Amino acid sequence: MPAYSAPAIEARWQAAWDEAGCFRAKADPEKPKYYVLEMFPYPSGRIHMGHVRNYTMGDVVARHRRATGHAVLHPMGWDAFGLPAENAAMASGGHPKDWTYANIADMRGQMKPLGFSIDWSREFATCDPEYYGQQQALFLDMLDAGLVTRRAAVVNWDPVEMTVLANEQVVDGKGWRSGAEVERRELTQWFFKISDMAGDLLDALEGLDDWPSKVKLMQANWIGRSRGLELSFALTTPAPGFDAIPVYTTRPDTLLGASFVAVSPDHPLAKALSERNPEIAAYCEEARKGGTTEEAIETAEKTGIDTGLRVRHPLDPSWELPVWIANFILMDYGTGAIFGCPAHDGRDLDFARKYRLPVVSTFVPVEGEHVRPEEGAEAFVPQKSEPVRYVKLFAGEEVQSGDAGVEAAIAFAEGLGWGKGVTRYRLRDWLLSRQRYWGCPIPVIHCEACGAVPVPRDQLPVRLPEDVTFDRPGNPLDRHPSWGKVPCPSCGGEARRETDTMDTFVDSSWYYARFTAPQSATPTDLDEAAYWMNVDQYIGGIEHAILHLLYSRFFARAMVKTGHLPAAACEPFDALFTQGMVTHEIYQTRDANGRPVYHFPEEVEGGTLKATGESVEVIPSAKMSKSKKNVVDPVGIVATYGADTARWFVLSDSPPERDVEWTAAGAEAAFRHLGRVWRLAHEAAASEAPANPAADAALERARHKVIAEVSGGIESFGFNAAIAKLYGFTNALAKSEAGAEAKVRAARTLVQLMAPMTPHLAEELWTLLGGVGLCAQAPWPKADPAMLIEDSMTLPIQVNGKRRGEISVPRDLAVQEIERLALEAVAKSLEGAPPKKVIVVPGRIVNVVA
RNA sequence: GCCGGUGUGGCGGAAUGGUAGACGCAGCGGAUUCAAAAUCCGCCGGGGCAACCCCCCGUGAAGGUUCGAGUCCUUUCACCGGCACCA
């Protein structure tokens with residue numbers, strides 16, 4: 001028997017699959033179709049274990065579906081635009097294009113040896129002009145359909161580099177390279193009008209039965225539908241151009257607890273006041289420092305400035321409230337102005353305490369002790385569904401839920417005409433402009449006479465110029481000598497190209513549709529899209545739960561609206577699975593100054609550095625990252641153990657939705673197990689043992705059971721559980737005294753069930769065990785239901801919920817008889833006392849209440 | 001700060017409200033071997049007991065619902081993901 005050696009077999013079977021064209025996606029009217037897609041990778045240049053895990057899961061699904069008679073589409077591509085390519089160009093002087101395509105070639109070379117059943121003929125990169133040209137066509141159609149708009153938006157501005165920064169380039173409120181304090185600055189930008197679809201995007205979540213409920217919940221909270229009141233506070237102090245401040249509130253029932261009105265530093269009123277009042281201007285400038293992220297704004301210390309203006313309370317003409325400008329009010333949400341009710345909002349309370357503004361409770365709990373916020377307690381913010389007792393009431397009942405209070409307040413305000421109930425969404429329009437080079441150019445030409453004019457479709461794609469340099473900060477498109485100078489398509493006069501490129505989320509919002517016809521001369525081919533869409537199973541990281549998935553759902557709707565997808569594809573992903581990360585321990589020593597120094601796992605052995613013998617500190621597992629050096633290179637693992645071991649390991653130890661910790665011992669164990677299967681298969685193939693009726697029947701029973709368990713495990717994404725069952729069946733086969741024929745049959749089933757996870761090993765042993773053709777093309781085994789039924793079973797007996805014995809009974813024994821046997825079995829524990837009650841859960845358990 | 005998730009032996013983890021710890025790793029004992037590697041067999045949550053039986057404790061912490069809770073509810077702690085220009 002030859003020893004198990006992956007290098008000897010894996011390349012050979014990959015060639016055999018290629019030659020047979022096993023993985024070419026072919027429409028077949030005789031078969032149900034199945035489209036399985038994993039989120040495509042960013043071409044960083046190296047694949048990592050997270051990729052291996054993600055694509056292995058998709059591959060298991062794809063291979064299993066092929067075996068169960070589906071026409072399968074399983075494509076791969078590259079999410080190839082983005083910042084890292086420009087950063088690399090700045091750091092080492094190359095060109096983003098060269099860097100990106102070289103990385104793609106490297107990564108493809110690292111991926112192919114893993115044996116994924118991918119239809120590589122459909123591969124594309126989003127930076128291919130053939131792809132982004134179609135994206136420009138889509139953009140123009142969306143522009144025509146009224147789905148695109150242009151207006152001002154706030155960006156991170158680095159005042160030293162004079163350039164826009166991405167959020168990740170802002171560290172502690174400062175530019176990552178210049179170290180200068182970042183400012184929030186307004187720029188005119190392009191938007192997709194996703195907020196027009198907010199209601200539909202929210203309501204349609206309900207129909208996504210095969211999405212994780214946590215993802216649907218996160219999306220629902222992100223879209224954030226709220227019912228509230230829009231009202232205006234009339235100014236009692238004159239202000240130029242303003243006689244009132246419109247405010248939106250989701251808690252109009254707390255209006256009698258209002259103690260101030262506050263506007264965003266970006267509010268028109270704040271801007272107007274800044275022009276006349278240097279103190280206010282200075283405050284607004286200060287408040288605009290720091291990054292644009294919601295996190296930065298929410299966690300910053302709350303500050304404000306009293307404008308000196310006063311407004312009248314709508315419920316009491318004699319009641320005046322001060323108007324503040326405050327840094328925690330977002331201009332993007334509602335009207336950019338609020339009324340503060342410190343008693344029932346934590347942020348307002350912090351603000352009120354800091355600036356000694358009044359705190360007035362409007363409701364208290366219905367019962368129980370309650371310390372009011374005005375007496376020093378925390379803000380009282382119960383769930384809106386919870387009933388509370390109103391102590392400052394102007395509408396509805398004294399005791400009512402917050403929801404009822406809100407509705408009563410809205411009805412009251414509408415009745416008197418000083419406010420109106422509105423439904424608002426937290427979801428903002430999708431800002432798609434980026435002031436960067438390495439992205440899809442926005443196909444628009446700006447003409448002084450004609451405005452923003454679409455590039456004529458016959459001039460697409462608008463290609464990125466290649467003669468650009470990255471020796472300075474800022475967008476090379478802006479400073480390119482000739483690229484931007486074009487005649488206006490409308491009047492022929494002098495005009496300029498738009499130099500903004502598209503957010504890379506645009507690229508990944510429709511690639512799933514492009515895979516159905518990747519060479520089409522239009523964005524999609526409707527026949528192909530109608531056949532292959534929707535994606536039956538989408539697999540990727542939980543970090544994409546909100547933005548990528550929401551944008552893709554929006555794009556699918558936009559593509560339906562512009563005629564690029566059939567109506568049925570408006571929800572592009574039928575089923576979604578979010579997998580966990582691959583983690584690893586971190587090995588750290590310290591340099592002379594006590595700063596941490598990280599070491600790669602392969603440099604460490606037995607808690608010490610191989611090179612110097614210095615002992616390392618082991619930090620618990622975290623997501624693999626280059627900076628912490630806790631990465632394991634799949635290429636090395638494949639070279640040492642083979643692709644099958646890597647694939648088996650990433651699926652075996654953890655449930656797929658959870659993180660998995662890569663350990664050298666675990667990889668070793670996976671390899672040993674594959675070797676064991678290898679030996680058992682060879683032993684079975686060489687066996688001449690005569691039939692052994694009892695053992696043969698037992699093994700056959702176990703064979704049917706494992707078919708049922710593994711099939712169910714794969715279908716429900718219980719890959720780790722399926723693998724545990726395969727371990728169990730391997731043990732059963734090893735111990736079995738069955739004859740040669742039964743053992744060969746069992747071994748053949750074993751390798752076939754393993755084939756989705758370890759396809760190369762499976763092919764080799766399939767052939768050895770007399771399997772016909774390629775295992776990759778063999779039909780999936782079926783379990784005989786009759787073989788799955790056990791004749792007798794063990795029932796545990798509890799007394800007061802604690803296990804005190806067990807009985808073995810025929811599976812269809814009458815309940816009375818089970819009860820009698822159960823009482824007999826636990827007679828000792830009952831000490832002669834008659835039981836109060838006996839609960840028999842047929843087929844499960846008996847509980848005696850003593 | 002806000003939204004979402006996770007927490008079970010030395011470790012990764014299993015368990016439709018029904019025998020907690022399947023399966024694997026590590027460890028321990030044994031077989032095989034001149035020896036080792038490889039392989040095979042057995043044991044393996046904590047405590048009590050001479051001991052199989054048996055008894056007590058045990059699923060981050062504290063309460064609750066239930067005949068019965070790792071699982072459901074409330075509070076709380078820790079860690080992870082997202083927060084709109086990282087992908």
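All values reported here derive from a predicted model rather than from experimental measurement. Hydrogens, waters and symmetry mates are skipped; everything else that's a heavy atom, side chains included, is used. In what follows, every chain begins at residue 1, and chains take the letters A, B, ... in the order their sequences are listed.
Rounding to whole angstrom units, CZ of residue A/F719 and C1' of B/rA22 are separated by 19 Å. Between the CD atom of A/E819 and the C1' atom of B/rC67 there is a distance of 13 Å, given to the nearest Å. A/L674 has its CG atom 14 Å from the P atom of B/rG24, to the nearest Å. Computed from coordinates, the A/E295 CD to B/rG81 C1' distance equals 12 Å when rounded to whole Å. Between the CE atom of A/M218 and the C1' atom of B/rC2 there is a distance of 14 Å, given to the nearest Å. Summarising the geometry, the separation between NZ on A/K837 and P on B/rG68 is reported as 9 Å, rounded to the nearest angstrom. The interatomic distance linking A/K214 (NZ) with B/rG5 (C1') rounds to 6 Å, in whole Å. Between the P atom of B/rC3 and the CD1 atom of A/I223 lies a distance of 17 Å, rounded to the nearest Å.
Residue A/R426 is in base contact, counting any heavy-atom pair closer than 4.0 Å across all strands shown. If you check every strand for non-hydrogen atoms under 4.0 Å, A/I723 touches nothing. Contact annotation for A/A669: backbone-only contact, meaning every heavy-atom pair under 4.0 Å involves sugar-phosphate atoms and none involves a base. Across all strands shown, A/K836 has no heavy atoms under 4.0 Å from either base or sugar-phosphate atoms.
Comparing B/rG60 with B/rC55, their C1' atoms are spaced 27 Å from each other, to the whole Å. The gap from the P atom of B/rU16 to that of B/rG7 amounts to 14 Å, rounded to the nearest Å. B/rG4 sits 27 Å from B/rG64 when the P atoms are compared, rounded to a whole Å. Between B/rA14 and B/rC67, the distance separating the two P atoms is 30 Å to the nearest Å. On the C1' atoms, B/rG45 is 10 Å away from B/rA20, given to the nearest whole Å. Remark: the separation of the C1' atoms in B/rC23 and B/rU8 is 15 Å, to the nearest Å. B/rU33 and B/rG27 have their P atoms separated by 24 Å, with the value rounded to a whole Å. A distance of about 14 Å separates the C1' atoms of B/rA69 and B/rU19, rounded to the whole Å.
Comparing A/I839 and A/V215 by the nucleotide of RNA chain B whose heavy atom lies nearest to each, the residue mapping closer to the 5' end is A/V215.
Between A/W678 and A/Y4, the two ring planes are tilted [angle within 30° to 60°]. The aromatic rings of A/H548 and A/F505 sit parallel, their planes meeting at an angle under 30°, below the 60° perpendicular limit. Classification of the A/F555-A/F192 ring pair by plane angle, with boundaries at 30° and 60°, yields perpendicular.
Remark: side-chain polar atoms of A/R185 are not paired, donor with acceptor, to backbone N or O of A/V182 under 3.5 angstrom. Looking only at distances, a side-chain donor or acceptor of A/R184 sits under 3.5 Å from a matching main-chain atom of A/G291.
The CD atom of A/E86 sits 8.5 Å away from the OH atom of A/Y437 when rounded to the nearest 0.5 Å. Rounding to the nearest 0.5 Å places CG of A/L549 at 9.5 Å from OG of A/S509.
Distances shorter than 4.0 Å separate some side-chain N or O of A/K802 from OP1 or OP2 on B/rC57. Close to B/rC83, at under 4.0 Å from its OP1 or OP2, lies no side-chain N or O of A/N221. Look at A/R804 and you'll find a side-chain N or O under 4.0 angstrom from OP1 or OP2 of B/rC55.
Neither side chain, A/T163 nor A/D158, offers a donor N or O lying under 3.5 Å from an acceptor on the other.
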Before you tell me yes or no, could you show the steps for A/K384 and A/R251 under side chain to side chain contact (heavy atoms under 4.5 Å, CB included), namely the whole-Å CA-CA distance, both residues' side-chain angles and the distance that decides it to 0.1 Å?
CA-CA 9 Å; A/K384 272 196 216 166; A/R251 290 310 299 252; 3.6 Å; yes
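With a glycosidic angle more than 90° from 0, B/rG82 adopts the anti conformation.
A salt bridge links A/R426 to A/E294: one of the charged nitrogens lies within less than 4.0 Å of a carboxylate oxygen. Using a 4.0 Å cut-off between a side-chain N of Lys or Arg and a carboxylate O of Asp or Glu, A/K193 and A/D429 do not qualify as a salt bridge.
In this structure, the side-chain contact (heavy atoms from CB on, under 4.5 Å) partners of A/T504, at least two apart in sequence or on a different chain, are A/F81, A/D507. By the side-chain contact (heavy atoms from CB on, under 4.5 Å) test, A/P84 is found to be paired with A/Y42, A/W99, residues two or more places apart in sequence or in another chain being considered.
Base pairing in RNA chain B yields stems of at least 3 consecutive Watson-Crick or G-U pairs, both distances under 3.5 Å, namely B:1-7 with B:77-83, B:10-12 with B:23-25, B:27-31 with B:39-43, B:45-48 with B:54-57, B:60-64 with B:72-76.
Just one of A/N475, A/D478, A/D500 meets the side chain to side chain donor-acceptor pair (under 3.5 Å) condition when paired with A/Q435; it is A/D500.
Counting non-hydrogen atoms of neighbouring residues, nucleotides and ligands closer than 6.0 angstrom, the NZ atom of A/K705 reaches no more than 12 such neighbours. Atom CD of A/E657 is surrounded by more than 12 heavy atoms from other residues, nucleotides or ligands within 6.0 Å.
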Every protein N/O lying under 3.5 Å from an N/O of nucleotides 39-41 of chain B:
from	atom 1	to	atom 2	distance (Å)
B/rC40	OP1	A/R676	NE	3.0

Close N or O pairs between protein and nucleotides 85-87 of chain B (under 3.5 Å):
from	atom 1	to	atom 2	distance (Å)
B/rC85	OP2	A/R434	NH2	2.7
B/rC85	O4'	A/R434	NE	3.1
B/rC85	O4'	A/R434	NH2	3.3
B/rC85	O3'	A/N167	N	3.2
B/rC85	O2'	A/N167	N	2.5
B/rC85	O2'	A/N167	OD1	3.4
B/rC85	O2	A/R436	NH2	2.5
B/rC85	N4	A/Q435	OE1	2.7
B/rC86	OP2	A/N167	N	3.3
B/rC86	OP2	A/E168	N	2.9
B/rC86	O4'	A/E168	OE1	3.3
B/rA87	OP1	A/L83	N	3.0
B/rA87	OP2	A/T504	OG1	3.3
B/rA87	O3'	A/D79	OD2	2.7

Dump the pairs, protein N or O against N or O of nucleotides 14-17 of chain B, anything under 3.5 Å, distances to one decimal.
from	atom 1	to	atom 2	distance (Å)
B/rA14	OP1	A/N720	ND2	3.4
B/rU16	O4	A/R844	NE	2.7

